[in-house]
Novice: 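My questions all concern the structure below.
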Amino acid sequence: MDTVIRFSAVGIAAALAAMLLKKAEPAFAPAVTTAAAAAISAAIVGVLAVIYEFVSGYSAELNLPAGSFEIMLRTAATVTAAKLSSELCRGAGEPALASLVDLLGAAAAVLTTLPLWSAVLGILESFIR
């Protein structure tokens with residue numbers, strides 16, 4: 001919670017600074033937002049590392065099928081990357097491009113989860129027979 005509050009404040013401060021810089025010195029505004037994005041991204045990586053350690057400890061205990069945890073993480077990363085990219089496109093004034101990136105993210109998420117769907121369908125097939 002503390003991390004979220006701190007980096008939310010960083011994002012708000014950077015947005016306000018960029019807004020002010022656009023009037024006075026427009027060339028520096030993207031540098032401020034890029035620096036804030038880098039700091040927030042570093043915080044995200046730190047949080048995800050903690051989550052990964054926590055969940056990976058339980059995946060062995062729960063006897064999950066091999067690779068299922070990695071598939072779930074890859075899917076979450078794919079969707080997150082697509083969402084971030086589409087929001088950047090929207091912010092740049094390209095809503096059509098943003099919609100296509102959203103669509104690509106959804107398709108990539110389905111593609112990433114196909115091995116899990118195969119396992120689920122195999123389980124359902126075993127119940128039917």
Side-chain angles (χ1 to χ4, degrees):
M1 173 88 166
D2 182 45
T3 302
V4 172
I5 292 171
R6 259 193 337 229
F7 284 98
S8 294
V10 167
I12 291 169
L16 291 173
M19 185 176 67
L20 293 173
L21 280 173
K22 282 181 185 177
K23 294 178 183 174
E25 203 59 50
F28 291 122
V32 170
T33 55
T34 301
I40 293 169
S41 296
I44 291 168
V45 168
V47 169
L48 291 177
V50 172
I51 292 170
Y52 179 80
E53 291 299 319
F54 179 79
V55 176
S56 64
Y58 283 105
S59 68
E61 292 177 27
L62 295 175
N63 295 325
L64 293 176
S68 61
F69 176 64
E70 287 78 15
I71 291 170
M72 290 184 276
L73 280 180
R74 276 197 311 256
T75 304
T78 299
V79 170
T80 302
K83 183 64 176 170
L84 178 61
S85 298
S86 71
E87 289 302 321
L88 288 172
C89 291
R90 274 190 193 81
E94 297 293 336
L97 189 57
S99 295
L100 289 173
V101 172
D102 282 334
L103 182 60
L104 176 64
V110 170
L111 181 66
T112 304
T113 60
L114 284 179
L116 291 179
W117 283 108
S118 177
V120 168
L121 291 175
I123 292 169
L124 290 175
E125 184 181 27
S126 71
F127 285 141
I128 293 172
R129 294 178 188 212

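Small disclaimer: the values here were computed from a predicted structure and weren't measured.
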Novice: Mind checking what makes side-chain contact (heavy atoms from CB on, under 4.5 Å) contact with Glu25, not counting sequence neighbours?
Specialist: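 side-chain contact (heavy atoms from CB on, under 4.5 Å) list for Glu25, sorted by chain: Leu21, Phe28.
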Novice: Measure the spacing between CD1 of Ile128 and CG of Leu124 and express it to the nearest 0.5 Å.
Specialist: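 Output value for this atom pair is 6.5 Å.
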Novice: So, the side chain of Ser8 versus the backbone of Val4: is there a donor-acceptor pair under 3.5 Å, distance only?
Specialist: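 Confirmed, Ser8 side chain pairs with Val4 backbone.
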Novice: Side chains of Val10 and Phe7: closer than 4.5 Å at any heavy-atom pair?
Specialist: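 In contact.
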Novice: What residues, two or more places apart in sequence or in another chain, satisfy salt bridge (charged side-chain N to carboxylate O under 4.0 Å, His left out) together with Lys83?
Specialist: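 Partners of Lys83 under the salt bridge (charged side-chain N to carboxylate O under 4.0 Å, His left out) test: Glu87.
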Novice: Which atom pairs, one a donor and one an acceptor, fall under 3.5 Å between side chains of residues 71-80 and the rest of the protein, sequence neighbours left out?
Specialist:
| from | atom 1 | to | atom 2 | distance (Å) |
| --- | --- | --- | --- | --- |
| Thr75 | OG1 | Ile71 | O | 2.8 |
| Thr78 | OG1 | Arg74 | O | 2.7 |
| Thr80 | OG1 | Ala76 | O | 2.7 |

Novice: For residues 92-106, which side-chain N or O atoms pair as donor and acceptor with protein atoms under 3.5 Å away, sequence neighbours left out?
Specialist:
| from | atom 1 | to | atom 2 | distance (Å) |
| --- | --- | --- | --- | --- |
| Ser99 | OG | Pro95 | O | 3.2 |
| Asp102 | OD1 | Ser86 | OG | 2.8 |
| Asp102 | OD2 | Arg90 | NH2 | 2.9 |

Novice: Could you pull out all residues at least two apart from Ala13 that satisfy side-chain contact (heavy atoms from CB on, under 4.5 Å)?
Specialist: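 Testing Ala13 for side-chain contact (heavy atoms from CB on, under 4.5 Å), a comparison that skips the adjacent residues, returns none.
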Novice: Are Val45 and Phe54 in one and the same hydrophobic cluster, where Ile, Leu, Val, Met, Phe, Trp and Tyr link if side-chain heavy atoms are under 4.5 Å apart?
Specialist: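 No, because Val45 and Phe54 fall into different hydrophobic clusters, even though each may have its own neighbours under 4.5 Å.
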Novice: Indicate, with yes or no, if Ile12 and Ile40 share a hydrophobic cluster defined by side-chain heavy-atom contacts under 4.5 Å among Ile, Leu, Val, Met, Phe, Trp and Tyr.
Specialist: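 Different clusters: Ile40 never reaches Ile12 through Ile, Leu, Val, Met, Phe, Trp or Tyr contacts under 4.5 Å.
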Novice: Taking atom NZ of Lys22 and atom CG of Leu20, what is their separation to the nearest 0.5 Å?
Specialist: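 So the gap between those two atoms works out to 11.0 Å.
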Novice: With sequence neighbours left out, what residues match Ala31 under side-chain contact (heavy atoms from CB on, under 4.5 Å)?
Specialist: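 Per chain and number, Ala31 pairs via side-chain contact (heavy atoms from CB on, under 4.5 Å) with no residue.
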Novice: So which atom in Val32 and which in Ala17 form the shortest heavy-atom distance, rounded to 0.1 Å?
Specialist: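 So the minimum-distance heavy-atom pair works out to CG1-CB, 4.0 Å.
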Novice: State, to 0.1 Å, how close Pro115 and Leu111 come at their nearest heavy-atom pair, and which atoms those are.
Specialist: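 Heavy atoms only, the tightest pair is CD-O, 4.2 Å.
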